[in-house]
Number of protein chains: 2
Amino acid sequence: MNKKLLNKYAERLKAAELKITPQRLEVLRLYDNSMLHPTADEVWRRLRRKFPSISKATVYNILEIFAERGIISTMDIGKEAHFDFDTSFHAHFICNRCGKIYDVKIDENLHFCLPEEHRVENIKIYFYGICKNCLDREKK
Amino acid sequence: MNKKLLNKYAERLKAAELKITPQRLEVLRLYDNSMLHPTADEVWRRLRRKFPSISKATVYNILEIFAERGIISTMDIGKEAHFDFDTSFHAHFICNRCGKIYDVKIDENLHFCLPEEHRVENIKIYFYGICKNCLDREKK
DNA sequence: CTATTTGCAAAACATTTGCACTTGC
DNA sequence: GCAAGTGCAAATGTTTTGCAAATAG
């Protein structure tokens with residue numbers, strides 16, 4: 001692996017006060033700059049290429065602590081949890097037909113009528129519908 | 001049960017082209033005008049009072065078909081699915097401390113930067129944080 | 001009468017837990 | 001060396017499925 005990159009991921013772990021392990025580095029490497037929103041199972045299947053004996057419990061561990069430290073965020077859509085490696089403010093579009101998840105840019109300055117009485121720490125916005133891809137296929 | 005109300009629920013089922021069964025009527029009755037966001041298990045436990053032999057599969061069936069026909073909507077928060085019997089446009093606030101779910105009014109005219117290329121059919125907005133109740137308790 | 005719905009039991013699936021072993025620091 | 005992380009297997013909890021019996025229309 002590129003030494004510079006490896007270092008970048010190590011720094012990220014250090015910043016989150018996490019020990020640097022090969023498994024954790026690999027998770028960061030696999031999904032760095034990725035637009036995917038993998039489930040724990042998907043992450044596990046990809047990690048197994050490099051660590052054939054890696055346990056699913058470990059993957060859940062890693063993803064849980066990453067989410068806790070803000071390295072990733074969790075998405076609750078459907079039965080399985082998905083994870084988002086892009087923690088910048090954005091919404092998601094989920095296609096009801098093909099299930100694909102798209103990132104959607106949202107103006108951060110949009111001020112919702114925030115519930116004033118509560119302390120809001122996080123916002124999750126999901127759009128559901130039919131994606132462009134499926135719409136195009138439909139027309140044929 | 002009040003005959004007028006029973007009729008109201010029956011009408012709602014008919015409008016959705018669903019057969020009128022006592023179990024379905026009871027679900028509607030239990031959560032009519034309710035601010036709760038029950039899980040399938042919670043609905044099941046309440047239904048058992050009137051139908052001691054009701055199966056969980058039946059409850060899942062009812063909730064699934066209700067959601068399909070737009071009588072209720074589903075909320076994906078955490079591991080368990082929750083159901084919302086108020087299908088008018090609103091957001092939710094979920095307390096990270098106590099887990100309570102609050103309804104939040106949202107200006108329907110707020111036009112998000114909707115993803116234009118896709119066809120949006122539904123929007124779900126979740127705020128997470130600490131609720132007023134927990135904040136007050138904290139101050140003491 | 002017939003298609004739907006229900007209840008039950010088992011299966012499937014996602015996630016968590018406990019514990020012994022290993023590793024990062 | 002020691003706390004933290006990993007791998008494994010079993011447990012837990014939620015949702016789905018297959019099927020026979022009951023029921024709405």
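In the text below, chain A, chain B and the rest are named by the order of the sequence lines, each starting its count at 1. A quick note: this is a predicted structure, and the numbers were derived from the prediction, not measured.
Distances from the side chain of B:K19 to the nucleotides D:dG5, C:dT4, C:dT6 place C:dT4 closest. Set against D:dT6, C:dT15, D:dT15, the side chain of B:E80 has D:dT15 as its closest nucleotide. Comparing C:dG24, C:dC8, D:dT16 against the side chain of B:A57 picks out C:dC8 as the nearest. Among the nucleotides D:dT6, C:dC13, D:dA24, the one closest to any side-chain atom of A:K79 is C:dC13.
Residue B:S53 is the one, among A:E64 and B:S53, whose nearest nucleotide of DNA chain C lies closer to the 5' end (criterion: closest heavy atom). Residue whose closest nucleotide on DNA chain D sits further toward the 5' end, between B:T39 and A:E17: A:E17.
Enclosure of atom CD in A:E121 by more than 12 non-hydrogen atoms of other residues, nucleotides or ligands within 6.0 angstrom is indicated.
Aromatic rings of A:F85 and A:Y31 (six-membered ring for Trp) have centroids within the 6.0 Å cut-off, being under it. Taking the ring centroids of A:F127 and A:H92, they lie at or beyond the 6.0 Å cut-off.
As rounded to whole Å, 14 Å separates atom P of C:dT5 from atom CG of B:L63. Remark: C1' of D:dG5 and CZ of A:F51 are 13 Å apart, rounded to the nearest angstrom. Here the C1' atom of nucleotide D:dG5 and the CD1 atom of A:I20 are 13 Å apart, to the nearest Å. Atom pair B:L13:CG and D:dG25:P shows a separation of 9 Å (rounding to whole Å applied). For A:W44 and C:dT15, the CH2 to C1' distance is 14 Å, given to the nearest whole Å. Summarising the geometry, the separation between CD on A:E26 and P on D:dT6 is reported as 13 Å, rounded to the nearest angstrom. In this structure, the CZ atom of B:R45 is 12 Å from the P atom of D:dG13, given to the nearest Å. With rounding to whole Å, A:I54 atom CD1 is found 15 Å from D:dA9 atom P.
An OP1 or OP2 oxygen of D:dT6 is reached within less than 4.0 angstrom by no side-chain nitrogen or oxygen of A:S55. The side chain of B:Y60 contributes an N or O atom lying less than 4.0 Å from OP1 or OP2 of D:dT15. A close approach under 4.0 Å does occur between a side-chain nitrogen or oxygen of A:Q23 and OP1 or OP2 of D:dG7. Taking only side-chain nitrogens and oxygens, A:T21 comes nearer than 4.0 Å to OP1 or OP2 of D:dT6.
Within 4.0 Å (heavy atoms only), A:D41 reaches no atom of the nucleic acid at all.
Counting heavy atoms from C-beta outward, B:V120 and A:F93 have side chains that approach closer than 4.5 Å.
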Pair B:R29-B:E26, salt bridge (charged side-chain N to carboxylate O under 4.0 Å, His left out): steps then yes or no: CA-CA 5 Å; B:R29 193 184 70 79; B:E26 182 67 359; 3.0 Å; yes
